[in-house]
**Student:** 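The structure is given below, and queries will be raised subsequently.
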Amino acid sequence: MEQPRDQFGRPLTDLRISVTDRCNFRCTFCMPEDRAYEFLPRAEVLSYEELIRLARLFVSRGVEKIRITGGEPLLRRDLSHLIEGLAGIAGVDDLALTTNGLLLPQRAPALRDAGLDRVTVSLHSLEAATFARLTGGRGDLDGVLRGIEAAAAAGLTPVKINAVVLRGQNEHEIEALARRFRGDDYVLRFIEYMDVGTLNDWDPESVVSAREIVDRIDRVLPLEPAPRRSPNDTALRYRYRDGGGEVGVIASISQPFCGDCSRARLSAEGRLYTCLFSAIGHDLKTPLREGADDAQLIERIDQIWGTRRDRYSEERADRLSQGRPGVAPRVEMFRIGG
Ligand code: SAM
Ligand code: SF4
Ligand code: SF4
């Protein structure tokens, strides 16, 4: 059976699985701490068996890369069992995890042993006070740095570091972060602050563009562009001219990459989102729990992907150039995991 293509001919090659909507941080740009959150009741969250079954079906439809995310995925008990199940699916050639890193010191070796290939740790500041402020008073900088070291020590190298850059908050740390995470053990990715969800009061003025980020680094650590690794690589890559490894920028605001977007996102409650900025997800849990067989679930996945027309970031770029930012209803980032 031919693998599905969406309305713009894009295949489905990446699946991001959110395993929980809960988080032990309250990052200002994702889950501002002054809001009240209602989390999913446990019975609504997909079990590991359900996730592994769905993942196997997605792989049969073209998915090669799987990333576990959240919320904070390490809050989910015995995550290694899920990793082991996913690593055992023939056809998965990249199994990764995005985490805020706080719980990594205890978990990194078991995750590696279970078959995890790579880990991305989100770290937006190297100053204890700034880090604490950006994480809503709940993040512990030393703990996250220990988590990064533990991941490297467990062999999950190169460890990717994600740093969201916010105007006037941590932009002065771009060079320090670049210096700290150079070399073969790390790959630092700066992320342009995005208008995900509806809670973070995003405005275009708070975005530091990829161009500005790269120029700032280049002034102190000269850079040269590096080729994209694959067509659906989200980051613009640069190499340090002195051989000190690479750095990247995810420029979803200033240089959107919807044309190559082949990612689907499964929320913890089993809804499938075909775009980070979708307002609604497609329910897979109901058919799954009502006894649909594999063929019926595959038909549903193909139908959802086959009718996909998402290109939100490109549309946003058009709107911004016409001075119309606009906030449409959309899912919160902590529910689908970035
Ligand atoms: N809790 C984990 C973490 O923070 O790594 C995984 C989930 S988090 C939603 C996934 C990624 O989205 C993180 O790297 C986070 O920094 C990023 N993120 C969250 N809100 C963002 C925003 N408004 N703009 C850009 N990136 C954002
Ligand atoms: Fe939690 Fe990650 Fe969102 Fe921060 S970015 S609040 S760590 S889910
Ligand atoms: Fe993909 Fe939507 Fe992001 Fe465009 S805006 S790259 S379609 S997730």
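Every heavy atom of this structure was used, including side-chain atoms; hydrogens, water molecules and symmetry mates were not. Remember, it's a predicted structure, so these values are computed and weren't measured experimentally. Atoms within a ligand are numbered from 1 in the order they appear, just like the ligands themselves.
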**Student:** Would you mind running through ligand 2 and noting each atom that sits below 4.0 Å from a heavy atom of Phe25?
**Tutor:**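 Listed by number with element: 6 (S), 7 (S).
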**Student:** Give the contacting part of Thr98 toward ligand 1: side chain, backbone, both or neither, where contact means a heavy-atom distance below 4.0 Å.
**Tutor:**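 Both parts.
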**Student:** Consider ligand 2: state whether an atom of it lies below 4.0 angstrom from any non-hydrogen atom of Ser122.
**Tutor:**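 No; Ser122 lies far enough from ligand 2 that no heavy-atom distance drops under 4.0 Å.
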**Student:** Is the contact between Cys23 and ligand 2 made by the side chain, the backbone, both, or neither, using heavy atoms and a 4.0 Å cut-off?
**Tutor:**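 Under 4.0 Å from ligand 2, Cys23 contributes side-chain atoms alone.
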**Student:** Of the choices Trp202, Phe334, Phe25, Phe29, which has the non-hydrogen atom that lies closest to atom 21 (C) of ligand 1?
**Tutor:**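 Ranked by closest heavy atom to atom 21 (C) of ligand 1, first place is Phe29.
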**Student:** Considering heavy atoms of the protein only, find what lies nearest to atom 10 (C) of ligand 1 and give residue, atom and distance to 0.1 Å.
**Tutor:**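 Of every protein heavy atom, Gly337 O, 3.5 Å lies nearest to atom 10 (C) of ligand 1.
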**Student:** Can you name the atoms of ligand 1, numbered from 1 with element, that are less than 4.0 Å from a heavy atom of Asn200?
**Tutor:**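 In order of numbering, the contacting atoms are 23 (N).
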**Student:** Can you tell me if an N/O/S atom from Cys30 lies under 2.8 Å from atom 3 (Fe) of ligand 2?
**Tutor:**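 Short answer: yes, at least one N, O or S atom is under the cut-off.
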**Student:** I need the atoms of ligand 1 closer than 4.0 Å to a non-hydrogen atom of Glu192, numbered in the order shown.
**Tutor:**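 Contacts of ligand 1 toward Glu192, numbered from 1: 25 (C).
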**Student:** In ligand 2, which numbered atoms sit nearer than 4.0 Å to a non-hydrogen atom of Asn100?
**Tutor:**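 In order of numbering, the contacting atoms are 7 (S).
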**Student:** Given Met194, Met31, Glu72, Arg335, identify the one with the heavy atom nearest to atom 25 (C) of ligand 1.
**Tutor:**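 Heavy atom nearest to atom 25 (C) of ligand 1 belongs to Met194.
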**Student:** I want to confirm something. Looking only at heavy atoms, which of Arg189, Arg16, Met333 is nearest to atom 19 (C) of ligand 1?
**Tutor:**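 Comparing heavy atoms across Arg189, Arg16, Met333, the nearest one to atom 19 (C) of ligand 1 lies in Met333.
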**Student:** Closer than 4.0 Å to some heavy atom of Arg265 - which atoms of ligand 3 meet that?
**Tutor:**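 So the atoms of ligand 3 that pass are 8 (S).
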**Student:** For atom 22 (C) of ligand 1, find the nearest protein heavy atom and state the residue, atom name and distance (0.1 Å precision).
**Tutor:**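 So the nearest neighbour among protein heavy atoms is Val196 CG2, 3.6 Å.
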**Student:** What protein heavy atom sits nearest atom 4 (O) of ligand 1, and how far off is it?
**Tutor:**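 Result for atom 4 (O) of ligand 1: Ser122 OG, 3.5 Å.
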**Student:** Any atoms of ligand 3 less than 4.0 Å from a non-hydrogen atom of Ser313? List them with their elements.
**Tutor:**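 Those qualifying, in numeric order: 5 (S).
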**Student:** Compute whether any side-chain donor of one residue and acceptor of the other, for Tyr312 and Asp195, lie under 3.5 angstrom apart.
**Tutor:**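 Yes, because at least one side-chain N or O of Tyr312 sits under 3.5 Å from a partner of the opposite role on Asp195.
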**Student:** Of all the atoms in ligand 1, which lie at a distance below 4.0 Å from a heavy atom belonging to Thr99?
**Tutor:**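 Numbered from 1, ligand 1 contributes 2 (C), 3 (C), 5 (O).
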**Student:** What atoms of ligand 3 come closer than 4.0 angstrom to any heavy atom of Phe277?
**Tutor:**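 Result: 5 (S).
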**Student:** Testing the 3.5 Å rule here: is there a donor-acceptor pair between the side chains of Arg107 and Thr99?
**Tutor:**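 There is no such pair between these side chains.
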**Student:** Of Arg241, Arg229, Lys160, Arg182, which is the lone residue that meets salt bridge (charged side-chain N to carboxylate O under 4.0 Å, His left out) with Glu246?
**Tutor:**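 So, applying the salt bridge (charged side-chain N to carboxylate O under 4.0 Å, His left out) to Glu246 and each of Arg241, Arg229, Lys160, Arg182, only Arg229 qualifies.
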**Student:** How close does the nearest protein non-hydrogen atom get to atom 1 (N) of ligand 1, and which residue and atom is it?
**Tutor:**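 Here the nearest protein heavy atom works out to Gly71 O, 3.0 Å.
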**Student:** Among all protein heavy atoms in this structure, tell me which lies nearest to atom 26 (N) of ligand 1, with the distance rounded to 0.1 Å.
**Tutor:**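 Nearest neighbour among protein heavy atoms for atom 26 (N) of ligand 1, to 0.1 Å: Val164 CG2, 3.4 Å.
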**Student:** Can you sort out which atoms of ligand 1 are near Thr69, meaning under 4.0 Å from one of its heavy atoms?
**Tutor:**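 Heavy-atom distances to Thr69 below 4.0 Å select 6 (C), 7 (C).
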**Student:** Mark up the atoms of ligand 3 that fall under 4.0 Å of a heavy atom belonging to Tyr312, in ascending order.
**Tutor:**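 Numbered from 1, ligand 3 contributes 5 (S).
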**Student:** Evaluate Glu72 against Asn24 for side-chain hydrogen bond (donor to acceptor under 3.5 Å, both in side chains), listing each step before the verdict.
**Tutor:** CA-CA 7 Å; Glu72 175 44 44; Asn24 44 356; 5.8 Å; no
